[in-house]
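In the text below, chain A, chain B and the rest are named by the order of the sequence lines, each starting its count at 1.
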Amino acid sequence: MLFNSLVFLFAFLPVTYVVFWSLRSVRQRHIWLAVTGYVFYGYWDPRFCLLMAFTTLVSYSAGRGFLVTTDPRARRALLVVPIVVDLLLLGFFKYAGFLTRSVNDAADLFGWNADLPILDVILPVGISFYTFHTITYIVDAYRKDIVPTKSFWEFSAYVSLFSQLVAGPIVRFRQIEKDLANLDHAERRAGLAVGLSFLAFGMFEKVVIADSLAHYVDPWLMGYERLSTTGAWLAMLGYTFQLYFDFSGYSSMAVGLGLMFGLRIPKNFDSPYRASNPSEFWTRWHISLSTVMRDYLYIPLGGNRGGESKRYRNLMITMLIGGLWHGAGWTFIIWGAFHGALLIGYHMLSGRGITAHVHVGQVVTFLLVVVGWVFFRSTDVAMAGHMLESMFTPTAGDLPTGSDKFAGLIVAAAILSTVGPNVFEYHRNFRASFGQLLVAAIALGTSVALIAGSRDSPFLYFQF
Amino acid sequence: MQARLPKSSRHRRHYLAFTALAAASLVAAELAARVDDWFFDSVPFLSNPSYADLLTTRNDGIRIGVPGKKWKKVQLNQLGLRGPDVARSKTANCQRWLFLGASETFGEPSIPEGDYPSAVRRGIPIERCIEVLNGSFGGLDLPAISRWYDVVLSDLDADVVFVLPPSHFYLSDRPPAKSQRQLPVESAPRATVTITTGLRELVSQSRLIERVKDSAEVPAPLQRIRTKRWIEKELAQHPTDWPFEEVPTDRLDAFHEDLATLVSLIRSHGAEPVLITHPVRSSSPPRPEDHPDLFSMRAYVPKAPESVISAFEYAAAERTRLLGELEDVRIVDAAKTMSGRRDLFIDLVHYSEQGRETIAGLVLSKQLQTHQGSYDAVQ
């Protein structure tokens with residue numbers, strides 16, 4: 001089910017909301033959130049509910065194990081087993097096809113015939129996100145950063161929480177455990193207005209801005225071989241803003257939905273295209289992922305300790321894995337490596353006292369990020385190469401129809417994403433005044449009209 | 001410090017505020033629908049296009065598509081047909097394929113390129129020059145298709161004419177008439193809304209409501225009650241032996257005869273006819289899950305019970321195959337591949353996206369394979 005669908009807005013959400021607030025005990029509310037999470041997820045393909053239930057059960061059992069044992073070997077086993085199970089599932093569903101194809105290709109290069117059967121496995125929506133939820137839970141429990149919950153329903157509600165189930169943010173248990181534990185004391189009225197406003201703004205970002213850009217970006221990039229230099233730049237700029245508003249919109253909706261149910265889901269975007277260097281970019285873009293990668297990968301690898309070369313190695317490994325997390329393909333690995341190189345380059349320069357004026361830094365960072373998106377968006381390396389060639393060498397070709405309108409949309413999106421306040425900044429002083437509610441009502445009405453006009457396209461991050 | 005308002009006043013204020021917000025939301029939605037249509041589809045902001053606007057009457061009394069006209073996501077080209085612009089004269093060294101049929105071929109109006117001829121167009125290899133024209137409109141029965149082709153579309157000099165013959169018209173109270181048929185203005189009966197005239201006018205002009213009607217389905221039980229009432233009303237106007245008890249062979253013969261006429265007509269204009277058997281979502285005999293679709297179709301042909309509709313569709317597909325054998329006409333057997341597969345349809349006869357891709361794939365695999373030799377010769 002999509003947030004930006006009529007069935008979600010006018011059937012699932014009202015029913016879930018009314019029943020939730022009519023329940024009194026925390027246990028009832030946990031059960032209801034867990035059940036609705038499975039309904040929400042099963043609407044796409046009920047078979048994969050079993051997979052999520054299995055992951056939930058394994059991680060919950062491990063959590064219970066941490067509560068009863070202090071033996072270091074047992075605790076280590078409780079850490080390793082569920083993580084291996086999660087990673088095996090993720091590996092099978094997400095990377096098996098890529099791995100077999102890569103082995104076959106590599107064998108071909110050397111003139112061998114590996115001929116491994118190609119596994120065309122359907123990628124369960126959101127598996128990358130909910131496995132991260134369970135892994136971070138297990139690691140935090142092992143590190144004693146959290147006390148694992150005894151309530152199966154509380155944990156189940158955390159994993160299958162519909163607002164952040166399929167595309168994040170990657171909410172760590174410790175970030176919402178207080179809210180989950182106090183759900184019976186949550187105040188309905190306090191969260192409703194601000195939650196609806198977040199939802200409306202997020203919907204507007206996705207449906208009105210991102211999908212309007214997609215109207216041009218998708219067909220243009222489908223015929224990327226024919227694009228001129230201007231066309232290639234417009235297409236990539238369009239995609240740059242489409243991706244941001246699509247994912248930021250989803251995250252804002254997740255925050256809004258969380259607030260409506262008494263849960264404070266953390267911010268996932270902070271106007272990333274305002275960043276003046278690559279390091280700052282990653283503190284503003286997909287914040288929940290970059291902090292998870294920092295806390296559960298970069299720091300355990302050694303982080304900044306051990307000198308510059310180790311720091312750069314750790315950065316590169318983290319970014320490569322971050323790239324691979326996004327998708328099983330060489331383009332994502334190159335994208336990760338590209339950002340790893342940017343971060344290393346930035347730290348080398350700044351370590352030597354070489355810095356740029358903030359606005360120069362913003363422009364350069366933005367352009368480098370756009371170049372990175374070429375790999376991220378391309379279906380294969382050949383497409384990425386072709387696009388970069390079109391962008392950086394004068395290329396004659398098409399400027400498809402509607403380029404004037406497309407350029408107008410890009411300018412509007414650029415202003416909104418850099419100069420305008422982001423959704424969190426807008427809501428900083430939210431007091432549910434009539435004027436603020438009116439703006440939200442207009443945003444919601446506009447979005448619903450566009451959804452009804454066939455703008456119920458999936459979120460880009462669903463594929464990850 | 002302000003005095004606290006009494007509870008009833010606060011309630012009234014809340015109610016007023018909520019009403020104002022709801023009204024603002026609705027107005028914004030209506031404006032957004034219009035801006036969206038204007039921005040992306042160039043539909044004038046204040047106009048209220050309908051299916052009827054797609055058609056106009058020529059000086060000789062023939063009704064045709066209006067070149068360039070738009071309605072929902074349907075864009076007629078300069079020939080007045082659904083699809084991108086194509087010159088009236090065929091491009092040198094190119095083939096031209098023309099698709100004839102009713103609403104199944106015309107496609108979904110609320111989806112851009114929501115017709116299977118568009119899927120055919122997209123599937124043609126880049127090195128092959130083939131122009132694909134969709135010469136269909138909703139509500140066309142076979143005699144109407146024949147006349148429409150004979151008088152208007154034959155001028156387009158198609159090399160291959162694909163016919164997806166709609167068969168359910170032959171289950172109406174009277175079979176399709178053989179002469180003077182026109183493009184129908186309405187493709188389907190519309191549900192009447194019994195509300196005050198002013199409000200009805202407002203509702204009928206709202207693009208927001210039109211969008212919601214397109215994207216939101218009437219709940220099945222409600223739809224069923226509505227259809228049941230309609231059928232009961234129709235049955236009450238006729239004697240008890242009026243409904244068909246079994247597949248009417250005279251109607252099948254009429255279908256066969258009309259299709260044979262169209263095949264001859266296409267050949268007389270120098271084109272090659274290709275028949276596509278008419279696939280349906282139901283199996284024959286129907287499975288329990290097929291009944292809602294068949295029941296909905298019965299609203300259009302109340303004379304035919306569900307089992308007869310299903311059996312007739314399968315019999316008509318068989319007759320199409322038979323005609324192919326008798327007249328040496330190539331057959332794309334979509335019914336064989338698709339009938340009974342629920343995922344390929346959105347109702348009994350209209351296709352889902354996957355269905356459109358499937359039927360296009362069948363057309364392409366049959367026709368490209370067949371014409372490879374002649375294409376190579378042309379090149």
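More than 12 heavy atoms of other residues, nucleotides or ligands sit less than 6.0 Å from atom CZ of Arg122(B). Heavy-atom neighbours of Tyr426(A) OH from other residues, nucleotides or ligands within 6.0 Å: above the threshold of 12. Shown here is Glu225(A), whose CD atom has more than 12 heavy atoms of other residues, nucleotides or ligands within 6.0 Å. Environment of CZ in Phe18(B): sparse, with no more than 12 heavy atoms of neighbouring residues, nucleotides or ligands closer than 6.0 Å.
Scanning both residues, Arg211(B) and Leu450(A), for their nearest heavy atoms gives NH1-CA, 3.7 Å. Nearest heavy atom pair, residue Ala449(A) against residue Ala32(B), reads CB-CB, 4.1 Å. The two residues Lys405(A) and Ser42(B) make their nearest non-hydrogen contact at NZ-OG, 4.3 Å. The heavy-atom pair separating Ser25(B) from Ala441(A) by the smallest distance is OG-O, 3.0 Å.
If you take CG on Asp36(B) and NE2 on His215(A), they are separated by 8.5 Å, rounding to the nearest 0.5 Å.
Between Val212(B) and Phe10(A) there is no side-chain heavy-atom pair separated by less than 4.5 Å.
Neither the backbone nor the side chain of Leu26(B) comes within contact range of chain A, judged by heavy atoms closer than 4.5 Å.
Relative orientation of the Phe40(B) and Tyr216(A) rings is tilted, given thresholds of 30° and 60° on the angle between their planes.
Among the candidates Val448(A), Leu409(A), Leu444(A), the residue making the largest number of heavy-atom pairs closer than 4.5 Å to chain B is Leu409(A).
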